[in-house]
Amino acid sequence: MSVPTPQADSVLVRAARRQPVPHTPVWFMRQAGRSLPEYRAIRADVPMLQSCRTPELVTEITLQPVRRHGVDAAIFFSDIVVPLQAVGLDLDIVPGTGPVVARPVRERSDLDRLPELTPEHVPDITESVGLLVAELGDTPLIGFAGAPFTLASYLVEGGPSKNHERTKALMHGDPQLWHDLCARLAQISLAFLRVQADAGASAVQLFDSWAGHLSRADYLRFVEPHSRAVLEGMGRSHPDLPRIHFGVGTGELLAQMAEAGADVVGVDYRVSLPDAVERTGGRYAVQGNLDPALLFAPWDALERRVREIVEEGRRAPGHIFNLGHGVLPATDPDVLSRVVELVHEVSRR
Ligand SMILES: Cc1c2[nH]c(c1CCC(=O)O)Cc1[nH]c(c(CCC(=O)O)c1C)Cc1[nH]c(c(CCC(=O)O)c1C)Cc1[nH]c(c(C)c1CCC(=O)O)C2
(Lines give C-alpha, C1' and ligand atoms only; values in the text may rest on other atoms or scores of the structure.)
Protein backbone atom coordinates (compact mmCIF):
# COMPACT_ATOMS: atom_id res chain seq x y z
CA MET A 1 0.00 0.00 0.00
CA SER A 2 1.31 3.46 -0.83
CA VAL A 3 1.90 5.93 2.01
CA PRO A 4 -0.33 9.01 1.69
CA THR A 5 1.42 12.37 1.24
CA PRO A 6 0.96 14.93 4.05
CA GLN A 7 -1.51 16.80 1.79
CA ALA A 8 -3.54 13.64 1.20
CA ASP A 9 -3.67 12.94 4.97
CA SER A 10 -4.22 16.58 5.99
CA VAL A 11 -6.73 17.80 8.57
CA LEU A 12 -9.07 18.98 5.80
CA VAL A 13 -9.03 15.65 3.97
CA ARG A 14 -9.49 13.74 7.23
CA ALA A 15 -12.49 15.86 8.23
CA ALA A 16 -14.02 15.36 4.79
CA ARG A 17 -13.59 11.60 5.25
CA ARG A 18 -15.21 11.82 8.71
CA GLN A 19 -11.99 10.68 10.40
CA PRO A 20 -10.76 12.09 13.73
CA VAL A 21 -8.96 15.46 13.47
CA PRO A 22 -6.74 17.44 15.89
CA HIS A 23 -8.77 20.61 15.21
CA THR A 24 -11.53 21.82 12.91
CA PRO A 25 -10.08 22.70 9.50
CA VAL A 26 -10.98 26.11 8.09
CA TRP A 27 -10.74 27.81 4.70
CA PHE A 28 -12.86 30.48 2.98
CA MET A 29 -14.50 30.50 -0.40
CA ARG A 30 -12.98 33.41 -2.39
CA GLN A 31 -10.16 33.63 0.15
CA ALA A 32 -8.00 34.71 -2.79
CA GLY A 33 -9.45 37.91 -4.13
CA ARG A 34 -10.29 41.51 -3.67
CA SER A 35 -10.27 41.51 0.14
CA LEU A 36 -6.46 41.24 -0.06
CA PRO A 37 -4.34 44.31 -0.95
CA GLU A 38 -1.62 42.02 -2.32
CA TYR A 39 -4.23 40.51 -4.69
CA ARG A 40 -5.43 43.92 -5.87
CA ALA A 41 -1.81 44.91 -6.52
CA ILE A 42 -0.90 41.84 -8.57
CA ARG A 43 -4.18 41.97 -10.56
CA ALA A 44 -3.99 45.74 -11.23
CA ASP A 45 -3.02 45.42 -14.92
CA VAL A 46 -4.09 41.86 -15.71
CA PRO A 47 -7.62 40.88 -16.81
CA MET A 48 -9.23 38.10 -14.72
CA LEU A 49 -9.16 35.32 -17.33
CA GLN A 50 -5.61 36.14 -18.36
CA SER A 51 -4.50 35.86 -14.74
CA CYS A 52 -6.23 32.46 -14.49
CA ARG A 53 -4.21 31.16 -17.47
CA THR A 54 -0.79 32.39 -16.28
CA PRO A 55 0.81 29.75 -14.01
CA GLU A 56 3.10 32.16 -12.10
CA LEU A 57 0.13 34.42 -11.28
CA VAL A 58 -2.17 31.52 -10.39
CA THR A 59 0.47 30.16 -8.04
CA GLU A 60 1.15 33.48 -6.33
CA ILE A 61 -2.54 34.43 -5.96
CA THR A 62 -3.50 30.99 -4.63
CA LEU A 63 -0.71 31.14 -2.03
CA GLN A 64 -1.49 34.68 -0.80
CA PRO A 65 -4.34 33.77 1.59
CA VAL A 66 -2.52 30.64 2.78
CA ARG A 67 0.48 32.72 3.87
CA ARG A 68 -1.60 35.50 5.34
CA HIS A 69 -4.36 33.60 7.17
CA GLY A 70 -2.86 30.18 7.86
CA VAL A 71 -5.94 28.44 6.45
CA ASP A 72 -6.01 24.62 6.28
CA ALA A 73 -6.44 24.49 2.49
CA ALA A 74 -5.66 26.42 -0.64
CA ILE A 75 -8.32 26.69 -3.33
CA PHE A 76 -7.05 26.74 -6.88
CA PHE A 77 -7.26 30.28 -8.27
CA SER A 78 -9.36 30.00 -11.40
CA ASP A 79 -12.99 30.48 -12.35
CA ILE A 80 -15.88 28.19 -13.27
CA VAL A 81 -15.85 29.55 -16.84
CA VAL A 82 -12.14 28.85 -17.48
CA PRO A 83 -12.74 25.36 -18.98
CA LEU A 84 -15.48 26.81 -21.24
CA GLN A 85 -13.07 29.41 -22.57
CA ALA A 86 -10.42 26.72 -22.92
CA VAL A 87 -12.60 24.69 -25.33
CA GLY A 88 -13.05 27.80 -27.44
CA LEU A 89 -16.16 29.59 -26.25
CA ASP A 90 -16.02 33.38 -26.63
CA LEU A 91 -16.58 34.79 -23.14
CA ASP A 92 -15.14 37.29 -20.70
CA ILE A 93 -15.32 38.07 -16.98
CA VAL A 94 -16.46 41.65 -16.65
CA PRO A 95 -15.39 43.37 -13.40
CA GLY A 96 -18.36 44.00 -11.12
CA THR A 97 -20.66 41.86 -13.30
CA GLY A 98 -19.23 38.37 -13.79
CA PRO A 99 -19.01 36.02 -16.77
CA VAL A 100 -20.50 37.34 -20.02
CA VAL A 101 -20.92 35.03 -23.04
CA ALA A 102 -20.69 36.64 -26.50
CA ARG A 103 -23.21 34.31 -28.17
CA PRO A 104 -25.53 32.55 -25.70
CA VAL A 105 -26.27 28.84 -26.11
CA ARG A 106 -29.95 28.36 -26.97
CA GLU A 107 -30.23 26.03 -29.96
CA ARG A 108 -28.98 22.59 -30.84
CA SER A 109 -26.46 23.98 -33.32
CA ASP A 110 -24.92 26.01 -30.47
CA LEU A 111 -23.66 22.74 -28.93
CA ASP A 112 -21.12 22.60 -31.78
CA ARG A 113 -19.30 25.49 -30.12
CA LEU A 114 -18.86 23.38 -26.99
CA PRO A 115 -16.50 20.49 -27.78
CA GLU A 116 -15.34 18.00 -25.16
CA LEU A 117 -12.44 19.10 -22.97
CA THR A 118 -9.15 17.21 -23.13
CA PRO A 119 -6.00 17.83 -21.04
CA GLU A 120 -4.46 19.34 -24.20
CA HIS A 121 -6.88 22.29 -23.88
CA VAL A 122 -5.45 23.21 -20.46
CA PRO A 123 -1.70 22.51 -20.21
CA ASP A 124 -1.42 25.69 -18.11
CA ILE A 125 -3.78 24.21 -15.48
CA THR A 126 -1.59 21.12 -15.15
CA GLU A 127 1.45 23.35 -14.82
CA SER A 128 -0.19 25.67 -12.25
CA VAL A 129 -1.37 22.81 -10.04
CA GLY A 130 2.06 21.17 -10.21
CA LEU A 131 3.81 24.40 -9.17
CA LEU A 132 1.31 24.91 -6.35
CA VAL A 133 1.45 21.43 -4.90
CA ALA A 134 5.24 21.74 -4.73
CA GLU A 135 5.00 25.12 -2.94
CA LEU A 136 2.20 24.20 -0.53
CA GLY A 137 4.11 21.71 1.62
CA ASP A 138 1.62 20.04 3.95
CA THR A 139 -1.33 22.25 2.96
CA PRO A 140 -3.77 20.51 0.61
CA LEU A 141 -5.03 22.08 -2.62
CA ILE A 142 -8.75 22.00 -3.39
CA GLY A 143 -9.50 21.74 -7.10
CA PHE A 144 -12.90 22.85 -8.36
CA ALA A 145 -15.32 23.12 -11.23
CA GLY A 146 -18.74 24.61 -11.87
CA ALA A 147 -21.67 22.19 -11.83
CA PRO A 148 -23.62 21.71 -15.07
CA PHE A 149 -26.67 23.74 -13.97
CA THR A 150 -24.73 26.82 -12.83
CA LEU A 151 -22.59 26.73 -15.99
CA ALA A 152 -25.67 26.23 -18.18
CA SER A 153 -27.31 29.25 -16.60
CA TYR A 154 -24.40 31.51 -17.66
CA LEU A 155 -24.36 30.00 -21.15
CA VAL A 156 -28.10 30.18 -21.77
CA GLU A 157 -28.69 33.60 -20.18
CA GLY A 158 -25.49 35.03 -21.66
CA GLY A 159 -24.40 36.32 -18.25
CA PRO A 160 -25.39 36.51 -14.59
CA SER A 161 -29.14 36.22 -14.02
CA LYS A 162 -31.49 36.88 -11.13
CA ASN A 163 -34.37 34.73 -12.29
CA HIS A 164 -32.78 32.20 -14.69
CA GLU A 165 -35.84 32.56 -16.92
CA ARG A 166 -34.30 31.53 -20.24
CA THR A 167 -32.56 28.62 -18.55
CA LYS A 168 -35.78 27.32 -17.02
CA ALA A 169 -37.66 27.93 -20.28
CA LEU A 170 -35.13 25.76 -22.13
CA MET A 171 -35.17 23.06 -19.45
CA HIS A 172 -38.95 22.68 -19.64
CA GLY A 173 -39.43 23.63 -23.30
CA ASP A 174 -36.80 21.37 -24.87
CA PRO A 175 -35.77 18.78 -22.27
CA GLN A 176 -33.75 16.79 -24.82
CA LEU A 177 -31.58 19.78 -25.74
CA TRP A 178 -31.29 20.68 -22.05
CA HIS A 179 -30.06 17.20 -21.15
CA ASP A 180 -27.63 17.15 -24.08
CA LEU A 181 -26.23 20.54 -23.04
CA CYS A 182 -25.82 19.45 -19.41
CA ALA A 183 -24.25 16.13 -20.41
CA ARG A 184 -21.64 18.07 -22.40
CA LEU A 185 -21.03 20.44 -19.48
CA ALA A 186 -20.70 17.46 -17.12
CA GLN A 187 -18.02 16.02 -19.41
CA ILE A 188 -16.16 19.35 -19.40
CA SER A 189 -16.37 19.76 -15.61
CA LEU A 190 -15.32 16.17 -14.94
CA ALA A 191 -12.36 16.44 -17.31
CA PHE A 192 -11.34 19.76 -15.71
CA LEU A 193 -11.46 18.20 -12.23
CA ARG A 194 -9.47 15.18 -13.41
CA VAL A 195 -6.73 17.44 -14.79
CA GLN A 196 -6.43 19.12 -11.37
CA ALA A 197 -6.55 15.79 -9.52
CA ASP A 198 -3.95 14.19 -11.79
CA ALA A 199 -1.65 17.16 -11.19
CA GLY A 200 -1.90 16.78 -7.41
CA ALA A 201 -5.05 18.39 -5.95
CA SER A 202 -6.11 16.66 -2.69
CA ALA A 203 -9.88 17.32 -2.77
CA VAL A 204 -12.42 18.78 -5.18
CA GLN A 205 -15.40 21.07 -4.84
CA LEU A 206 -18.28 21.19 -7.31
CA PHE A 207 -19.88 24.66 -7.26
CA ASP A 208 -23.61 24.64 -8.04
CA SER A 209 -24.03 28.19 -6.80
CA TRP A 210 -27.45 28.79 -8.33
CA ALA A 211 -29.09 25.38 -7.65
CA GLY A 212 -31.08 26.97 -4.81
CA HIS A 213 -33.27 28.59 -7.46
CA LEU A 214 -34.75 25.19 -8.38
CA SER A 215 -37.61 23.19 -6.91
CA ARG A 216 -36.64 19.76 -5.63
CA ALA A 217 -38.60 18.11 -8.45
CA ASP A 218 -36.82 20.13 -11.13
CA TYR A 219 -33.46 19.60 -9.44
CA LEU A 220 -33.95 15.83 -9.44
CA ARG A 221 -35.22 15.64 -13.01
CA PHE A 222 -33.06 18.19 -14.81
CA VAL A 223 -29.88 18.68 -12.80
CA GLU A 224 -29.03 15.90 -10.36
CA PRO A 225 -28.18 13.24 -13.01
CA HIS A 226 -25.56 15.54 -14.52
CA SER A 227 -23.97 16.59 -11.23
CA ARG A 228 -23.98 12.92 -10.27
CA ALA A 229 -22.08 12.09 -13.47
CA VAL A 230 -19.35 14.53 -12.41
CA LEU A 231 -19.14 13.44 -8.76
CA GLU A 232 -19.37 9.71 -9.45
CA GLY A 233 -16.91 10.06 -12.31
CA MET A 234 -14.41 11.52 -9.86
CA GLY A 235 -15.22 8.72 -7.42
CA ARG A 236 -14.32 6.17 -10.07
CA SER A 237 -11.08 7.77 -11.27
CA HIS A 238 -9.89 9.29 -7.95
CA PRO A 239 -11.58 7.37 -5.10
CA ASP A 240 -9.19 8.84 -2.48
CA LEU A 241 -10.10 12.49 -3.19
CA PRO A 242 -12.98 13.83 -1.08
CA ARG A 243 -15.76 15.52 -3.05
CA ILE A 244 -17.45 18.66 -1.69
CA HIS A 245 -20.80 19.65 -3.22
CA PHE A 246 -21.72 23.31 -2.71
CA GLY A 247 -24.74 25.50 -3.39
CA VAL A 248 -26.41 28.63 -2.05
CA GLY A 249 -29.97 28.62 -0.70
CA THR A 250 -30.03 24.84 -1.07
CA GLY A 251 -31.52 23.99 2.34
CA GLU A 252 -34.35 22.09 0.63
CA LEU A 253 -31.90 20.18 -1.59
CA LEU A 254 -29.22 19.16 0.91
CA ALA A 255 -30.14 15.46 0.97
CA GLN A 256 -30.30 15.28 -2.83
CA MET A 257 -27.00 17.13 -3.23
CA ALA A 258 -25.27 14.87 -0.69
CA GLU A 259 -26.66 11.72 -2.27
CA ALA A 260 -25.57 12.85 -5.75
CA GLY A 261 -22.11 11.46 -4.92
CA ALA A 262 -20.58 13.86 -2.38
CA ASP A 263 -18.57 13.24 0.79
CA VAL A 264 -19.18 16.76 2.10
CA VAL A 265 -22.18 18.99 1.61
CA GLY A 266 -21.88 22.79 1.63
CA VAL A 267 -24.27 24.57 3.99
CA ASP A 268 -25.04 28.28 3.82
CA TYR A 269 -26.07 30.47 6.75
CA ARG A 270 -29.80 29.91 6.21
CA VAL A 271 -29.67 26.37 7.64
CA SER A 272 -27.97 25.44 10.93
CA LEU A 273 -25.31 22.72 10.87
CA PRO A 274 -27.39 20.40 13.13
CA ASP A 275 -30.35 20.78 10.75
CA ALA A 276 -28.06 20.07 7.79
CA VAL A 277 -26.75 16.93 9.49
CA GLU A 278 -30.31 15.78 10.18
CA ARG A 279 -31.43 16.50 6.61
CA THR A 280 -28.56 14.42 5.23
CA GLY A 281 -29.19 11.46 7.54
CA GLY A 282 -26.01 11.95 9.60
CA ARG A 283 -23.98 10.27 6.86
CA TYR A 284 -22.09 13.22 5.39
CA ALA A 285 -19.52 15.76 6.54
CA VAL A 286 -20.69 19.38 6.38
CA GLN A 287 -18.90 22.55 5.29
CA GLY A 288 -19.92 26.02 6.42
CA ASN A 289 -21.67 28.09 7.51
CA LEU A 290 -20.72 31.56 8.76
CA ASP A 291 -22.69 34.37 7.11
CA PRO A 292 -20.04 36.38 5.18
CA ALA A 293 -21.80 39.59 6.27
CA LEU A 294 -21.04 38.77 9.93
CA LEU A 295 -17.36 39.46 9.22
CA PHE A 296 -18.44 43.12 9.35
CA ALA A 297 -20.00 42.81 12.84
CA PRO A 298 -18.24 43.82 16.08
CA TRP A 299 -15.69 41.18 17.12
CA ASP A 300 -17.69 40.11 20.22
CA ALA A 301 -20.71 39.21 18.12
CA LEU A 302 -18.60 37.51 15.46
CA GLU A 303 -16.64 35.55 18.06
CA ARG A 304 -19.84 34.27 19.66
CA ARG A 305 -21.13 33.04 16.30
CA VAL A 306 -17.82 31.39 15.34
CA ARG A 307 -17.71 29.52 18.69
CA GLU A 308 -21.31 28.40 18.18
CA ILE A 309 -20.58 27.04 14.69
CA VAL A 310 -17.49 25.18 15.91
CA GLU A 311 -19.56 23.61 18.73
CA GLU A 312 -22.37 22.63 16.34
CA GLY A 313 -19.78 21.23 13.95
CA ARG A 314 -18.32 18.97 16.64
CA ARG A 315 -21.60 17.05 16.61
CA ALA A 316 -21.47 16.51 12.83
CA PRO A 317 -19.83 13.39 11.34
CA GLY A 318 -17.16 15.75 10.00
CA HIS A 319 -16.95 19.55 9.82
CA ILE A 320 -14.97 21.96 7.65
CA PHE A 321 -15.39 25.55 8.82
CA ASN A 322 -16.14 27.98 5.99
CA LEU A 323 -18.44 30.82 5.05
CA GLY A 324 -21.89 30.21 3.63
CA HIS A 325 -20.69 31.88 0.40
CA GLY A 326 -17.62 33.82 -0.76
CA VAL A 327 -15.63 36.49 1.09
CA LEU A 328 -17.09 39.91 0.25
CA PRO A 329 -14.57 42.29 -1.38
CA ALA A 330 -14.79 44.91 1.43
CA THR A 331 -13.98 42.38 4.18
CA ASP A 332 -11.11 43.34 6.51
CA PRO A 333 -8.51 40.59 5.94
CA ASP A 334 -7.29 40.86 9.55
CA VAL A 335 -10.72 39.69 10.68
CA LEU A 336 -10.38 36.59 8.51
CA SER A 337 -6.99 35.83 10.10
CA ARG A 338 -8.52 36.20 13.58
CA VAL A 339 -11.35 33.83 12.67
CA VAL A 340 -8.84 31.17 11.55
CA GLU A 341 -6.94 31.52 14.82
CA LEU A 342 -10.14 31.33 16.85
CA VAL A 343 -11.46 28.24 15.04
CA HIS A 344 -8.15 26.47 15.63
CA GLU A 345 -7.98 27.50 19.28
CA VAL A 346 -11.52 26.59 20.33
CA SER A 347 -11.64 23.32 18.37
CA ARG A 348 -8.25 21.93 19.47
CA ARG A 349 -8.60 18.49 21.06
C1 LIG B 1 -20.65 31.72 -9.75
C2 LIG B 1 -19.15 31.59 -9.79
C3 LIG B 1 -18.27 32.31 -10.64
N4 LIG B 1 -16.99 31.90 -10.34
C5 LIG B 1 -17.02 30.96 -9.35
C6 LIG B 1 -18.37 30.71 -9.02
C7 LIG B 1 -18.83 29.71 -8.03
C8 LIG B 1 -18.63 30.20 -6.64
C9 LIG B 1 -19.59 31.28 -6.21
O10 LIG B 1 -20.77 31.01 -6.17
O11 LIG B 1 -19.09 32.36 -5.92
C12 LIG B 1 -15.90 30.20 -8.78
C13 LIG B 1 -14.69 30.94 -8.39
N14 LIG B 1 -14.23 32.12 -8.89
C15 LIG B 1 -13.04 32.41 -8.30
C16 LIG B 1 -12.68 31.35 -7.44
C17 LIG B 1 -11.32 31.30 -6.79
C18 LIG B 1 -11.07 30.53 -5.66
C19 LIG B 1 -11.49 31.15 -4.33
O20 LIG B 1 -10.64 31.86 -3.73
O21 LIG B 1 -12.57 30.84 -3.83
C22 LIG B 1 -13.72 30.44 -7.47
C23 LIG B 1 -13.88 29.14 -6.71
C24 LIG B 1 -12.20 33.59 -8.54
C25 LIG B 1 -12.87 34.83 -8.98
N26 LIG B 1 -13.84 34.96 -9.94
C27 LIG B 1 -14.14 36.28 -10.10
C28 LIG B 1 -13.33 37.05 -9.22
C29 LIG B 1 -13.33 38.56 -9.12
C30 LIG B 1 -12.57 39.13 -10.27
C31 LIG B 1 -11.65 40.26 -9.86
O32 LIG B 1 -11.00 40.19 -8.81
O33 LIG B 1 -11.53 41.18 -10.68
C34 LIG B 1 -12.52 36.14 -8.53
C35 LIG B 1 -11.44 36.44 -7.53
C36 LIG B 1 -15.10 36.82 -11.09
C37 LIG B 1 -16.41 36.18 -11.05
N38 LIG B 1 -16.69 34.93 -11.53
C39 LIG B 1 -18.02 34.63 -11.31
C40 LIG B 1 -18.61 35.76 -10.68
C41 LIG B 1 -20.05 35.88 -10.29
C42 LIG B 1 -17.60 36.73 -10.51
C43 LIG B 1 -17.69 38.06 -9.80
C44 LIG B 1 -17.69 39.23 -10.72
C45 LIG B 1 -17.35 40.50 -9.95
O46 LIG B 1 -18.00 40.80 -8.94
O47 LIG B 1 -16.42 41.21 -10.38
C48 LIG B 1 -18.63 33.33 -11.66
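Start at 1 and go down the list; that is how both ligands and their atoms are numbered.
Around atom CZ of Arg305, more than 12 heavy atoms belonging to other residues, nucleotides or ligands sit under 6.0 Å away.
Here Arg307 contributes atom CZ and Glu345 contributes atom CD; the two are 6.5 Å apart, rounded to the nearest 0.5 Å.
Gln205 and Gln287 share a donor-acceptor pair across their side chains, judged by distance under 3.5 Å alone.
Near ligand 1, Met29, Arg30, Gln31, Ala32, Arg34, Tyr39, Arg43, Met48, Ile75, Phe76, Phe77, Ser78, Asp79, Ile80, Ile93, Pro95, Gly96, Thr97, Gly98, Pro99, Phe144, Tyr154, Phe207, Ser209, Trp210, His325 each place a heavy atom less than 4.0 angstrom from the ligand.
Gln196 pairs in a side chain to side chain contact (heavy atoms under 4.5 Å, CB included) with only one of the listed residues (Leu132, Ile125, Val122), which is Ile125.
Aromatic rings of His213 and Phe149 (six-membered ring for Trp) have centroids beyond the 6.0 Å cut-off, not under it.
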(request) Could you go through the ring-ring contact (aromatic ring centres under 6.0 Å, His included) check for Phe144 and Phe76 one step at a time? (result) CA-CA 7 Å; Phe144 76 91; Phe76 187 59; 7.0 Å; no
